Amino acid sequence: INQCNKVFFHTKNSSEYFKKNYRRDSSTTLNLNFIENKSSYFPLSSDDFPQLKPINLPNKKIIVFNHRWNTSTGWKRFVEYTDKLGSEYLIWCTDPKAPNTYISKVLPFAEYGYLLQNSLCSVCFVDSYATWNLSVQDGLKFDKPVLCYKHPIMTEILGEDYPLFFTTKDEFLDLLLKIDDYDDFKWDIPNHDKIFEANLIKSMEEC
């Protein structure tokens with residue numbers, strides 16, 4: 001990074017995470033001002049879905065947790081916030097490491113898209129280290145609500161004024177109760193791939 005002409009981060013917040021690697025003595029030094037002067041950014045769009053493949057789904061209000069089952073994706077907060085949901089709800093986790101109290105199953109992409117299309121909503125509880133996220137964008141491709149814990153990276157992806165952010169359990173449960181108000185939900189996010197493409201071409205021209 002010190003030697004290169006350009007360096008790409010997902011967002012400006014990502015370089016702040018990078019700075020945290022230099023809290024202890026190391027054989028290299030970090031001059032963040034120098035790096036920022038040659039920084040550009042590569043936001044990413046989630047992949048488009050192929051033709052969807054139907055699967056049998058239970059007659060429940062399906063909530064999709066489509067994130068890895070690890071600390072940074074906020075699974076502990078997710079468990080706490082959803083522990084008292086009624087039997088009319090079913091939680092589907094796309095990571096097989098999730099507890100068997102949920103449906104925890106990996107699906108082929110075409111079937112995963114069908115699951116999202118026929119879900120009540122998907123949820124994002126990322127509350128720790130993150131530099132970008134693709135999964136939070138997936139449900140929006142089907143105009144499905146995505147309830148999202150407010151995190152600096154998520155505001156970069158979805159926009160500061162995204163209406164389905166929450167920061168507390170009460171806010172989350174309130175959004176869930178009002179989910180029927182979002183039957184015709186549609187939220188356009190920037191074309192992140194196009195932004196990356198423009199940044200890449202601009203950087204090449206500058207070099």
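Source: prediction; values computed, not measured.
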ask   = When you look at Y81 and L147, which way does the side-chain contact (heavy atoms from CB on, under 4.5 Å) test go after all the steps?
value = CA-CA 12 Å; Y81 282 23; L147 278 54; over 6 Å; no
Name the atoms and distances for all side-chain donor-acceptor pairs under 3.5 Å in residues 115-131, with sequence neighbours left out.
residue : atom : partner : partner atom : Å
N118    : ND2  : Y114    : O            : 2.8
S119    : OG   : L116    : O            : 2.8
D127    : OD2  : R77     : NE           : 3.0
D127    : OD2  : R77     : NH2          : 3.3

Report task. Using atom types as modelled and distance alone, determine if a side-chain donor or acceptor of Q137 lies under 3.5 Å from a backbone N or O of N133. Result -> yes
Tracing side-chain contacts under 4.5 Å among Ile, Leu, Val, Met, Phe, Trp and Tyr outward from V106 reaches none
Q | pair I63-T82: side-chain heavy atoms closer than 4.5 Å | A | no
Sorted by chain and number, sequence neighbours left out, side-chain contact (heavy atoms from CB on, under 4.5 Å) with I195 holds for P43, P190, H192, N199
Task: D170 and T168: side chain donor to acceptor below 3.5 Å - done: no
Q) Under a 4.5 Å side-chain heavy-atom rule over Ile, Leu, Val, Met, Phe, Trp and Tyr, are V79 and W92 clustered together? A) no
Practice item. Would you check if V146 and Y162 make a side-chain contact, meaning some heavy-atom pair closer than 4.5 Å? Key: yes
Residues passing the side-chain contact (heavy atoms from CB on, under 4.5 Å) test with N191, sequence neighbours excluded, are S45, D193, K194
Scanning both residues in full, the closest heavy-atom pair of I153 with T11 reads CD1-OG1, 3.5 Å
N33 meets the side-chain contact (heavy atoms from CB on, under 4.5 Å) criterion, sequence neighbours left out, with N31, E36
F165 vs T155 side-chain heavy atoms within contact, under 4.5 Å
yes
Donor-acceptor pairs under 3.5 angstrom involving side-chain atoms of residues 95-102: please list them, not counting sequence neighbours.
residue : atom : partner : partner atom : Å
D95     : OD1  : K97     : N            : 2.9
D95     : OD2  : W69     : N            : 2.8

Those residues at least two apart in sequence (or on a different chain) that pass ring-ring contact (aromatic ring centres under 6.0 Å, His included) with H10 are F42, W132
Taking the side chain from E206 and the backbone from K38, do they hold a donor-acceptor pair closer than 3.5 Å? no
Point to revise | Hydrophobic cluster identity match, W187 and F172, side-chain contacts under 4.5 Å | key: yes
Exercise for review: Could you tell me whether K105 atom NZ has more than 12 heavy atoms of other residues or ligands within 6.0 Å of it?
Suggested key: no
Do you reckon Y41 sits in the same ILVMFWY cluster as I1, going by side-chain contacts under 4.5 Å, direct or chained?
yes
Cluster question for you: counting only ILVMFWY and a side-chain heavy-atom cut-off of under 4.5 Å, with indirect links fine, are F49 and L107 together? yes
Sequence neighbours excluded, the answer for side-chain contact (heavy atoms from CB on, under 4.5 Å) partners of S203 is K6, F8, S40
For K76, the side-chain hydrogen bond (donor to acceptor under 3.5 Å, both in side chains) test, sequence neighbours excluded, returns none
**Q.** 4.5 Å side-chain heavy-atom contact, I35 and F9
**A.** yes
So side chain to side chain donor-acceptor pair (under 3.5 Å) across residues 50-67, not counting sequence neighbours, yields N66-Y112
To the nearest 0.5 Å, atom OG of S135 lies from atom CZ of R68 at 8.0 Å
- Does a side-chain heavy-atom distance below 4.5 Å link H151 with E156? no
dist L176:CG -> L164:CG (nearest 0.5 Å) comes out at 11.0 Å
Assess the residue pair D47 and L134 against the criterion (side-chain contact (heavy atoms from CB on, under 4.5 Å)); give the C-alpha distance rounded to whole Å, side-chain angles, the decisive distance to 0.1 Å, and a yes or no. CA-CA 8 Å; D47 288 340; L134 298 173; over 6 Å; no
Result for ring-ring contact (aromatic ring centres under 6.0 Å, His included) between F65 and one of Y149, F78, Y89 points to F78
Grouping ILVMFWY residues whenever side-chain heavy atoms fall under 4.5 Å, the cluster of I201 otherwise contains none
ring-ring contact (aromatic ring centres under 6.0 Å, His included) filter on Y182, not counting sequence neighbours, yields F185
Under 4.5 Å between side-chain heavy atoms, hopping through other hydrophobics if needed: is there a path connecting I91 to I55? no
